[in-house]
Amino acid sequence: KAGVTQTPRYLIKTRGQQVTLSCSPISGHRSVSWYQQTPGQGLQFLFEYFSETQRNKGNFPGRFSGRQFSNSRSEMNVSTLELGDSALYLCASRREGVYEQYFGPGTRLTVT
Amino acid sequence: SQKIEQNSEALNIQEGKTATLTCNYTNYSPAYLQWYRQDPGRGPVFLLLIRENEKEKRKERLKVTFDTTLKQSLFHITASQPADSATYLCALGESNYQLIWGAGTKLIIKP
């Protein structure tokens, strides 16, 4: 069974631009969560989607948004990029009713 | 305030010895706790889950304990190998499947 895939793997953007990251979950997993990881910080929860609906949301500004499609694929968008948005963005999928999360390799975003 | 603490400094262990990593938390009432392994440039990989009513869980060379009175989980790797070198993350789960993560402990196993 294919794992969680994320595209692109690396991205360099300029401050003020916007970016869209994509995540394809494991087949059969309808829950997709997004996290931001910076050096020395734990994973910071952004949001979780289930069946195309945002189910939970972390404490991030409205510049961070997401959506999920009917095939469970998810996208995350960050508008008006700031230098502090440079991070590894991870998505994770899981089967409903199961706690274990499966992570993708992440997208390394660098904002200059 | 709510806080999850893992050893911030790297843990250096001699090959063959037991590595013990600590996860302490305050002002949470987790229903369960998970441990993940993360290698550089990769996403975390699930290792073990322990529920609030369980004291200990084992999987091959891995053992996790969970003390809700001390608000602490210990993660043990016995007969450690250089391939066990990685960053280990603990994550608390409350009632809604949402996880709260520690910053991780870097484990280095020296041959």
Side-chain angles (χ1 to χ4, degrees), chain A residues 2-10 21 23-26 29-51 53-60 76 87-110, chain B residues 1-10 21-26 28 30-54 57 59 62 64 66 73 75 86-106:
Chain A
V4 177
T5 58
Q6 291 187 245
T7 56
R9 291 293 313 277
Y10 303 92
L21 312 182
C23 172
S24 291
I26 290 172
H29 290 193
R30 293 162 63 193
S31 167
V32 174
S33 296
W34 287 89
Y35 296 90
Q36 180 194 68
Q37 186 177 36
T38 51
Q41 298 274 331
L43 275 69
Q44 303 295 313
F45 173 74
L46 283 154
F47 25 67
E48 180 195 11
Y49 284 87
F50 179 79
S51 292
T53 302
Q54 188 180 87
R55 188 153 65 172
N56 290 303
K57 188 176 189 306
N59 293 323
F60 277 81
M76 191 192 94
L88 180 67
Y89 290 88
L90 293 159
C91 98
S93 74
R94 64 176 179 84
R95 191 177 298 277
E96 185 63 3
V98 175
Y99 294 120
E100 177 180 345
Q101 296 197 13
Y102 292 84
F103 283 83
T107 294
R108 172 74 62 187
L109 172 65
T110 302
Chain B
S1 63
Q2 296 178 317
K3 199 162 48 172
I4 300 173
E5 289 183 329
Q6 295 187 252
N7 311 68
S8 56
E9 294 183 8
L21 286 68
T22 305
C23 177
N24 295 302
Y25 60 92
T26 54
Y28 285 112
Y32 59 94
L33 188 147
Q34 299 184 23
W35 283 88
Y36 287 75
R37 167 184 173 143
Q38 186 174 24
D39 292 285
R42 298 192 165 206
V45 174
F46 172 80
L47 296 174
L48 281 168
L49 177 149
I50 187 165
R51 299 174 192 272
E52 62 177 333
N53 60 349
E54 297 175 316
K57 231 13 176 342
K59 179 183 174 183
L62 309 179
V64 172
F66 193 12
S73 175
F75 177 79
T87 295
Y88 291 84
L89 307 170
C90 75
L92 304 185
E94 295 188 306
S95 58
N96 61 357
Y97 290 98
Q98 188 173 327
L99 293 174
I100 306 112
W101 296 78
T105 297
K106 185 173 183 179

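Since this is a predicted model, take the numbers as computed values, not measurements. Order of the sequence lines fixes the chain letters, A, B, ..., with proteins taken first and strands second; residue numbering starts at 1 for each chain.
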Output for pair (A/S31 OG, A/F50 CZ), nearest 0.5 Å, gives 7.0 Å
Is chain B contacted by the side chain of A/Y99, its backbone, both, or neither, given a heavy-atom distance below 4.5 Å?
-> both
Supply the atom-to-atom distance B/K3 NZ to B/N24 CG, rounded to the nearest 0.5 angstrom.
-> 10.0 Å
A/R55 versus chain B, heavy atoms under 4.5 Å apart: side chain, backbone, both or neither?
-> neither
Measuring heavy-atom distances to chain B, does A/L43 have an atom under 4.5 Å in its side chain, in its backbone, in both, or in neither?
-> both
Quick check: does any side chain N or O of B/T105 sit under 3.5 Å from a backbone N or O of B/Q6, one acting as donor and the other as acceptor?
-> no
Working to the nearest 0.5 Å, report the span between CZ of B/F75 and OG of B/S73.
-> 9.0 Å
What part of A/V4 lies closer than 4.5 angstrom to a heavy atom of chain B: side chain, backbone, both or neither?
-> neither
Closest approach of B/L33 and B/C90, non-hydrogen atoms and distance?
-> CD2-CB, 4.4 Å
Does the side chain of B/Y36 pick up a donor-acceptor pair with the side chain of B/Q34 at under 3.5 Å?
-> yes
Give, as side chain, backbone, both or neither, the part of A/Y102 having an atom under 4.5 angstrom from any heavy atom of chain B.
-> neither
So which part of A/R108 gets closer than 4.5 Å to some heavy atom of chain B, the side chain, the backbone, both or neither?
-> neither
Relative to chain B, which segment of A/Q37 carries a heavy atom at a distance below 4.5 Å: side chain, backbone, both, or neither?
-> side chain
